[in-house]
2 protein chains.
Amino acid sequence: MGKSLGLRKNPAKDEREQAFKQAALKLFSAKGYHKTTMSEIAMEAGFGKGTLYWYWKSKEELYFALVEESHNEFMGLVSEAAEREGSALEKLYWLGNEVVDLHYRHRDYTKLSWKMRAEELEAFSPQYVEKLRRNSSEIKEKLEELIAQGIEEELLPQVDPYYMACMLLGLIEGMEIQWLEDSDSFDLRKAMNMVVRISSLFLDNAREAAGKG
Amino acid sequence: MGKSLGLRKNPAKDEREQAFKQAALKLFSAKGYHKTTMSEIAMEAGFGKGTLYWYWKSKEELYFALVEESHNEFMGLVSEAAEREGSALEKLYWLGNEVVDLHYRHRDYTKLSWKMRAEELEAFSPQYVEKLRRNSSEIKEKLEELIAQGIEEELLPQVDPYYMACMLLGLIEGMEIQWLEDSDSFDLRKAMNMVVRISSLFLDNAREAAGKG
DNA sequence: AGAATAAGACCGACCGGTTGGTCTAAAGGA
DNA sequence: TCCTTTAGACCAACCGGTCGGTCTTATTCT
């Protein structure tokens, strides 16, 4: 009896998962969720479909693993910004620059997230949708805190922090779109620099005007 | 061959086409292109699938007819703004308000366009893609002209007009996204008012500072 | 060490369901 | 009667996911 308990670890597991994720990222970001098939992903990774399903439970799970990674990377930056030393304004400018870097480094992730935003969420399993919603709120909340801090420090004008957070997020995401659609004529880095330059100009003038008023 | 005189028109033709377009708009905007079926559209319009295909050559054609209508409506506003009396700034503020109205009036169109933006265009017929690209450029060009005018009139600071146009478009589209995703807590009209208020504050201060410098 | 055996990684044919598009026949109108 | 319009059964292609089976490799036995 007994029988060996020889559980075996798969030495190639990480390697495989990485290969599948990379293939999936490439295809999902290029063609979107629905137009990418599991066979394609498997083939792109150099394996059969059955093997892909050995490592991933479903298409949905694979997809959301990527979406989650993308979110985490962005969220990491926002958290790091919040924890930095300095004024809220300095934090926001730092964040802006880092976000641009991130997008340049991981253009595929940006494209994936962007396509995901246009998918009809109702078609996915509730647990994933819920997760997404939480992620989105998390970012907005952190951003809102930063802006509230800036208002407290009198570096930003008295505006509704929540709206300001949404608008800031909107501006960044909107610029991402322009960049994704035509990277040759629209340089995201240059655009971000313009935003920062104009913002500081505005805020300086506003403080000066307020000081005189 | 036949149709020599093209007479004998179907009196119900316009009515049918409208019914199908309305049904398609409702479903496409709610579920996206891929998850909407032609049978559903036909049923929603109150006809059989065969009838739908009597009026429309393909799913693609029907979809792009809607996308184009949406685009035309937006483009119409931009053109109207450009032709108005007044300064570039007045035109831009007017445009901002009208755009918000348009979105409130035709939320479905907004949602449809938005979903379309995330589709991979390569999957559609080249003629449609070309048309879309032209439309998009047209809007950016018109916006760029308006901004250039504003700079000439010294109402706007000296910035690259093309970049400014992209950023403005990005801001608006980004705010649309926030609004589409959570209309309850983010009121597009209120956000636009904030943008206008902050902009004029900024521009007033900048001109004042420049005047003193 | 070398054979035997167990674990599990891998494959791709296949299945059930779906969907864009077609075909044919009936209904309606002039 | 003849042409237009309508309906929905039907078809072929596609796709996510499964399954039986094979092949590789680590472990155990002698």
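Quick note on labels: first sequence line is chain A, next is B, and so on, each numbered from 1. Worth knowing before you read on, the calculation uses all heavy atoms, side chains too, and leaves out hydrogens, waters and symmetry mates.
- Looking at A/E90, its side chain does come within 3.5 Å of a backbone N or O of A/S87 through a donor-acceptor pair.
- Evaluation of the salt bridge (charged side-chain N to carboxylate O under 4.0 Å, His left out) rule for A/E141 yields no partner, not counting sequence neighbours.
- A cation-pi arrangement is absent between B/R117 and A/W114 under the rule of less than 6.0 angstrom and at most 45 degrees off the ring axis.
- In terms of phosphate contacts, A/W54 brings a side-chain nitrogen or oxygen within less than 4.0 Å of OP1 or OP2 of C/dA9.
- When the C1' atom of D/dT18 is taken as reference, atom CG of A/L52 falls 13 Å away, rounded to whole Å.
- The closest donor-acceptor contact from the side chain of B/S70 to the backbone of B/S113 lies at 3.5 Å or more, if one exists at all.
- A cation-pi arrangement, defined by a distance under 6.0 Å to the six-membered ring centre and an angle within 45 degrees of its axis, is present between B/K59 and B/Y33.
- Stacking of B/K131 on the aromatic ring of B/F64 is not recorded, the 6.0 Å distance cut-off and the 45° axial limit not both being met.
- A/F47 has its CZ atom 20 Å from the C1' atom of D/dG17, to the nearest Å.
- Across the helix from C/dA1-D/dT30 to C/dA30-D/dT1, the helix axis at one end is tilted relative to the axis at the other end by 10° (nearest 10 degrees, each axis from five pairs).
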TODO: Could you give me the CA-CA distance, side-chain angles and deciding distance for A/E144 and A/K140, then say whether salt bridge (Lys or Arg N to Asp or Glu O under 4.0 Å) is met?
DONE: CA-CA 6 Å; A/E144 191 181 338; A/K140 274 197 228 167; over 6 Å; no

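- Between B/T51 and D/dT5, a side-chain N or O to OP1/OP2 separation shorter than 4.0 Å is absent.
- Between the side chain of B/E138 and the backbone N or O of B/M75, no donor-acceptor pair lies under 3.5 Å.
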Task: B/S/- contact track for nucleotides 14-25 of chain C, protein heavy atom under 4.0 Å - done: -----SBBB---

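- Atom NZ in A/K13 sits roughly 15 Å away from atom C1' in C/dA7 (whole-Å rounding).
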